[in-house]
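Report on the following structure.
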Amino acid sequence: PALVPAPEVARDPAALLAEIRRQGVTRLVLTPSVAAVMLAADPAPETSWPLRVLHLSGEALSRSLVQQLYSRLAPDALLLNLYGSSEVTADVTATRLSRGDDGPVPIGRPLPGARLAVLDPAGRPVPVGAVGELHVRGTVLALGYHGDPDRTAHAFQPADDGPRHATGDLVELDGQGRLIHRGRRDGQIKIRGVRIEPGEIESRLRDHPEVQDAVAAAIDCGSTDLPDRRLIAHVTTGGGPAGDPDLAVARWRTVYDGEYAGIARDGTDPLADYRIWRNSHDGSPIPADQMAEWVETTVARIRALGPRRVL
């Protein structure tokens, strides 16, 4: 039987884990980011999870997270890493991860019904150890994008043995016949397993009458043990109300007050309160003395340019 948790349980990592233990769930499919959050929220980390098989898919998987998950699983439990995309009916590769492995986590070998090729930009197979784009063929491949024949024609290329989809994912074939994910050939990003096209976001932002240009990207705000990837956008304004300097200052003040709301309420000088500043590599707070030195140096450089005021 399958367990369908209540919405409020599914949204609460600690409650979901408690329900998994209470019901004795033996098989679970998660994205790595959700698994990391469940590890951090586990109210009983000394107690093993009841899972016999844990599937991870949807985004890149780190070796550190694999080791942490195995510390919560029974000795004979299976930890699987799978790879797929929206253009296939299911996953196309899989691999069983061992406790003692090290190095990059592979996405595995082809599953039944999937025929894969790793090709260079000219469409030629790359040798073992080289990086190329992953192409998918076979019965796992979808028919196309519903109601979008132009996009279908572009993404599903005809071939002698059936249509072929260029995934945009760069992979390396190692000496054991396994595929290792090496990034993207385009700007596509993933956050918590959700595929995002920054170009589409940038296009919508540019539709705003006050926006002249825009760039969207993902930044890593968490740590290796607890990833926290967020979507951000930078915009440049031109013309209209956005050209009013007083209005621009007021908007920056709104952003500042919103970031520091509830933080600098203990009598601390808000200009010397750096508690929201964190190291982008490991998520740890940046020491106050380092932040103070950075602020002083930055303000000095700005004042040397002779501005009318510094916000």
Side-chain angles (χ1 to χ4, degrees), residues 27-36 39 51-142 157 159 161-162 164-186 188-190 192-193 195 224-225 227 229:
R27 192 182 190 97
L28 185 64
V29 180
L30 294 174
T31 61
S33 56
V34 172
L39 281 169
L51 303 173
R52 312 307 304 164
V53 181
L54 175 57
H55 295 250
L56 296 171
S57 64
E59 57 190 342
L61 176 60
S62 70
R63 182 63 63 183
S64 173
L65 182 58
V66 170
Q67 294 169 348
Q68 291 180 72
L69 288 168
Y70 261 129
S71 71
R72 305 290 172 90
L73 299 176
D76 58 345
L78 292 180
L79 183 56
L80 305 177
N81 190 31
L82 299 98
Y83 163 87
S85 70
S86 300
E87 290 78 14
V88 298
T89 57
D91 296 299
V92 296
T93 71
T95 187
R96 176 180 177 177
L97 303 175
S98 300
R99 295 175 184 265
D101 288 347
D102 56 12
V105 179
I107 59 175
R109 299 178 176 85
L111 289 168
R115 289 181 292 156
L116 309 180
V118 184
L119 307 178
D120 66 14
R124 299 168 300 195
V126 301
V128 172
V131 174
E133 184 178 3
L134 181 62
H135 292 246
V136 179
R137 294 174 293 175
T139 56
V140 299
L141 199 60
Q157 305 159 356
D161 51 355
R164 180 178 69 193
H165 172 61
T167 65
D169 286 306
L170 300 176
V171 298
E172 171 192 340
L173 182 65
D174 71 7
Q176 301 179 48
R178 304 174 305 177
L179 294 173
I180 299 173
H181 193 266
R182 294 300 189 187
R184 295 281 305 176
R185 67 167 176 78
D186 54 21
Q188 185 189 103
I189 57 179
K190 278 194 174 183
R192 292 183 285 279
R195 194 167 80 176
T224 302
D225 294 339
R229 209 171 196 214

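Start at 1 with the first residue, then count along the sequence.
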To the nearest 0.5 angstrom, please state how far the [atom1] atom of [X] sits from the [atom2] atom of [Y].
{"X": "H181", "Y": "L61", "atom1": "NE2", "atom2": "CG", "value": "12.0 Å"}
{"X": "R72", "Y": "L79", "atom1": "CZ", "atom2": "CG", "value": "13.5 Å"}
{"X": "R137", "Y": "L116", "atom1": "CZ", "atom2": "CG", "value": "9.0 Å"}
{"X": "R195", "Y": "S85", "atom1": "CZ", "atom2": "OG", "value": "6.0 Å"}

**Item:** Pair R182 + D169, salt bridge at N-O below 4.0 Å
**Value:**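 Salt bridge: no.
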Just so I know, are the side chains of [X] and [Y] near enough to count as touching, which here means a heavy-atom distance under 4.5 Å?
{"X": "D174", "Y": "V128", "answer": "no"}
{"X": "D91", "Y": "V140", "answer": "no"}
{"X": "L119", "Y": "P125", "answer": "yes"}
{"X": "L39", "Y": "L65", "answer": "yes"}
{"X": "V171", "Y": "V131", "answer": "no"}
{"X": "T95", "Y": "I107", "answer": "no"}
{"X": "L54", "Y": "R27", "answer": "no"}
{"X": "L80", "Y": "L56", "answer": "no"}

Got a donor-acceptor contact below 3.5 angstrom from the [X] side chain to the [Y] backbone?
{"X": "Q68", "Y": "A36", "result": "no"}
{"X": "Y70", "Y": "L97", "result": "yes"}
{"X": "N81", "Y": "R96", "result": "no"}

Which pair of non-hydrogen atoms, one from [X] and one from [Y], has the smallest distance, and what is that distance?
{"X": "P75", "Y": "R99", "answer": "CA-NH2, 3.2 Å"}
{"X": "P32", "Y": "S57", "answer": "CD-O, 3.5 Å"}
{"X": "R178", "Y": "P106", "answer": "NH1-CG, 3.7 Å"}

**Asked** Can you list the residues that meet the side-chain contact (heavy atoms from CB on, under 4.5 Å) rule with E133, with sequence neighbours excluded?
**Response**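 Checked E133 against side-chain contact (heavy atoms from CB on, under 4.5 Å); matches are H135, A166, L170, R185.
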**Request:** Under the side-chain contact (heavy atoms from CB on, under 4.5 Å) rule, collect the residues that match up with V34, sequence neighbours excluded.
**Result:**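 Listed in chain order: L30, T31, M38.
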**Prompt:** Could you walk me through whether V136 and V88 pass the side-chain contact (heavy atoms from CB on, under 4.5 Å) check?
**Reply:** CA-CA 9 Å; V136 179; V88 298; 4.1 Å; yes
**Asked** Please walk me through it: do L173 and L179 pass side-chain contact (heavy atoms from CB on, under 4.5 Å)?
**Response** CA-CA 5 Å; L173 182 65; L179 294 173; 3.9 Å; yes
**Request:** Step by step, work out the side-chain contact (heavy atoms from CB on, under 4.5 Å) result for Q176 and R109.
**Result:** CA-CA 10 Å; Q176 301 179 48; R109 299 178 176 85; 3.9 Å; yes
**Request:** Go through the steps to decide whether D102 and R63 satisfy the test salt bridge (charged side-chain N to carboxylate O under 4.0 Å, His left out), and finish with yes or no.
**Result:** CA-CA 7 Å; D102 56 12; R63 182 63 63 183; over 6 Å; no
**Asked** Any side-chain donor paired with an acceptor under 3.5 Å for T167 and E87?
**Response**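 Side-chain D/A pair, T167 to E87: absent.
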